[in-house]
Student: 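Here it is, the structure in full.
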Amino acid sequence: MLPIQNIRENADKIIESLKKRNFKDAAEKISEALQLDKHRRELKQKSDEVLSEINRLSKEVGTYMKEGKADLAQQIKEKVAQLKEQGKSIDEELDKFEKSLEQIMLTIPNTPHESVREGKSAEDNEIVSQEGNIPTLPKDALPHWELTAKYDIVDFELGNKITGAGFPVYKGKGARLQRALINFFLESAIDAGYHEIQPPLLVNAASGYGTGQLPDKDGQMYYAPLDDLYLIPTAEVPVTNIYRDVLLQGSQLPIKNVAYSSCFRREAGSYGKDVRGLNRLHQFDKVEIVQVQHPEKSYQALEEMVAHVTSLLRKLELPFRVLRLCGGDMGFTSALTYDFEVYSAAQQRWLEVSSVSNFESFQANRMKCRFKDETGKTMLVHTLNGSALALPRIVAALLENNQTPEGIRIPAALVPYTKFDLID
RNA sequence: GGAAAGGUGGGUGAGUGGCUUAAACCAACAGUUUGCUAAACUGUCGUAGGAGCAAUCCUACCGGGGGUUCGAAUCCCCCCCUUUCCGCCA
């Protein structure tokens, strides 16, 4: 949610900026919000005046009662009763304005950073960089879903039996590769100064609202109604919510957390070749990095996170490219997002493996995460997060790109973790 | 699942209807003193909303929501959470 003070002060700039998202009603929504805000403040003032008068009169009642002047006290009681009626109707109206204001504020997305390009869809995203060699595979090269069967390392059929589609079973070297990747990612993040967290995999509704999965993405999360809990779609949810309703000291910043978790996504509405094999799963593993930053340093932090993810992909020797998402393709809460895609040689397509975003104060405002700066002023923090990295598509690319007649070659950086260098 | 006790500012914790404007202590910050550090002393020190150029003033907030009352941290009702014990259990 954008802070209303920000809208009051920079309405024109915000409207201009939201155009990049292809968000058409910006001007109307902003002016409606400002209108509601104006009425809200007027009513608040009236309500406060009435309450102030009631407080003052109530004290008089106490005084008169002590002095034994019951008749005077009675007169004031009647006056207060009238004021209360008046206050009640003002408050009802005030409540209406506050609710409509919040409703409209929830529909206004974050303002894109100045470097974000205007655009409608993924086709308008900018390729910032690309590196690594795209391997030329022999004619008989297999897609990963056939390789996993050939070497018996990921069993989709078994997952279907036990749970259903999208819940694969990792076996033998497949399971060990998973564990190795998780440890490799965690250790790399720790070396880069991140503090490891092991969060709960189920969260309450308040946490869902905190990071914005609720109410908009309600149907995308698995839900346990008996206990009113949600399975996390990413570790971002429990980790970022650590800082919900928290007032930090400036000296505590930056906070850098890393967490491994399984992620659960219903992926309602997905279908076709997108979901083949490891491309899209209901349960998968991911290492997530989260930063809580001083507003002046958040873009520097974003670059640092991009550099971190870059170094992981280099060590895994995978060809990848970095995209700066255009306004229309960016998430609702993000101000700037970089996507990382690895090239999956047998499928001959780019697969998204990481999304690194700066939310500026948009999440912090909703979560009420603030800090006191050097001068003692309370301000909203900036929050950032990124995958570093999500496993399944990395596994898909590793299997496809590194297939040889002898077996699947494991990149050198990973061998200390897998303790084998070939899947055969 | 059963029983009991609780939920008060950054922390500990007092407060059973109006002299509460939430005590006191700790932490933090500033100053004085002081070879340094420390200690001692003095002062400052909650959050949010609103009015005002400003000093400042007003309002709300003691887990959440309702209620009683002229007046609620305090009394009543509902809900949530935590702790301890019992049961179950990796």
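Proteins come first, then strands; the chains are lettered A, B, ... in the order of their sequence lines, and each starts at number 1.
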Student: What's the gap between B/G9 and B/A14 when it is taken at their C1' atoms, as a whole Å value?
Tutor: 13 Å

Student: Hey, would you say the A/Tyr299 and A/His382 ring centroids sit under 6.0 Å apart?
Tutor: no

Student: May I ask you to check whether A/His294 and A/Phe371 place their ring centres under 6.0 Å from each other?
Tutor: yes

Student: Where each residue is assigned the nucleotide of RNA chain B containing its nearest heavy atom, which of A/Ser47 and A/Lys59 is assigned the position nearer the 5′ end?
Tutor: A/Lys59

Student: Angle class for the A/Tyr222/A/His282 ring planes (parallel below 30°, perpendicular above 60°, tilted otherwise)?
Tutor: perpendicular

Student: For A/Gln291 and A/Asn358, does a side-chain donor sit closer than 3.5 Å to a side-chain acceptor?
Tutor: no

Student: Grab the CG-P distance between A/Asp37 and B/G49 for me, whole Å please.
Tutor: 11 Å

Student: In whole Å, what separates the P atom of B/C75 from that of B/A27?
Tutor: 33 Å

Student: What's A/Thr378 touching, base or sugar-phosphate or nothing? Going by heavy atoms closer than 4.0 Å.
Tutor: sugar-phosphate

Student: From the list B/C58, B/G71, B/C70, which nucleotide is the closest neighbour of the side chain of A/Ser52?
Tutor: B/C58

Student: Considering only heavy atoms from C-beta outward, does the side chain of A/Val415 approach that of A/Lys419 to under 4.5 Å?
Tutor: no

Student: On the 0 to 90° scale, with breaks at 30° and 60°, tag the A/His39-A/Phe97 ring pair as parallel, tilted or perpendicular.
Tutor: tilted

Student: Any side-chain N or O of A/Lys84 below 4.0 angstrom from OP1/OP2 of B/G71?
Tutor: yes

Student: May I have the distance from A/Leu247 (atom CG) to B/A28 (atom C1'), rounded to whole angstrom?
Tutor: 13 Å

Student: Using the C1' atom in both, what is the distance from B/G43 to B/C81, to the nearest Å?
Tutor: 39 Å

Student: Using a 4.0 Å heavy-atom cut-off across all strands, classify A/Leu57 as base, sugar-phosphate, or nothing.
Tutor: nothing

Student: Taking atom P of B/G71 as reference, at what distance in whole Å does atom CG of A/Leu83 sit?
Tutor: 11 Å

Student: Looking at the base of B/G71, is there any donor atom on it, or on the side chain of A/Asn55, that sits under 3.5 Å from an acceptor on the other one?
Tutor: no

Student: Under 4.0 Å between any heavy atoms, over every strand shown, what does A/Arg40 touch: base, sugar-phosphate, or nothing? Just pick one.
Tutor: sugar-phosphate

Student: What integer distance in Å separates A/Leu248:CG from B/U47:P?
Tutor: 13 Å

Student: Would you indicate what A/Gln5 reaches in the nucleic acid, counting non-hydrogen atoms under 4.0 angstrom: base, sugar-phosphate, or nothing?
Tutor: sugar-phosphate

Student: Is any side-chain N or O of A/Arg370 closer than 4.0 Å to OP1 or OP2 of B/A48?
Tutor: yes

Student: Within this structure, what is the CG-to-C1' distance between A/Leu94 and B/A60, rounded to whole angstrom?
Tutor: 11 Å

Student: Using atom P in both nucleotides, what's the gap between B/A30 and B/C85 to the nearest angstrom?
Tutor: 44 Å

Student: Given atom CG of A/Asn204 and atom P of B/U82, what is their separation to the nearest angstrom?
Tutor: 10 Å

Student: 5'-most contact on RNA chain B: A/Ser58 or A/Val61, nearest heavy atom basis?
Tutor: A/Ser58

Student: What distance, rounded to whole Å, do you find between the two P atoms, one in B/U42 and one in B/C26?
Tutor: 12 Å

Student: Mind checking the C1' distance from B/G1 to B/C77? Whole angstroms is fine.
Tutor: 25 Å

Student: Can you tell me which nucleotide in B/C58, B/A51, B/C70 comes closest to the side chain of A/Gln45?
Tutor: B/A51

Student: It should be established whether A/Gln82 places a side-chain nitrogen or oxygen under 4.0 Å from OP1 or OP2 of nucleotide B/C70.
Tutor: no

Student: Given atom CD of A/Glu53 and atom P of B/A60, what is their separation to the nearest angstrom?
Tutor: 13 Å

Student: Find out whether A/Arg324 and A/Asn125 are in side-chain contact, i.e. whether some heavy atom of one side chain is under 4.5 Å from a heavy atom of the other.
Tutor: no

Student: Grab the CD-P distance between A/Gln252 and B/G11 for me, whole Å please.
Tutor: 12 Å

Student: Which whole number of Å gives the distance between the P atom of B/U74 and that of B/U16?
Tutor: 12 Å

Student: Phosphate oxygens OP1/OP2 of B/A51: is one of them under 4.0 Å from a side-chain N or O of A/Arg41?
Tutor: yes

Student: A/Arg8 side chain N/O closer than 4.0 Å to the phosphate oxygens (OP1, OP2) of B/G50?
Tutor: yes

Student: Please state the C1' separation for the pair B/C62 and B/A22 - nearest whole angstrom.
Tutor: 8 Å

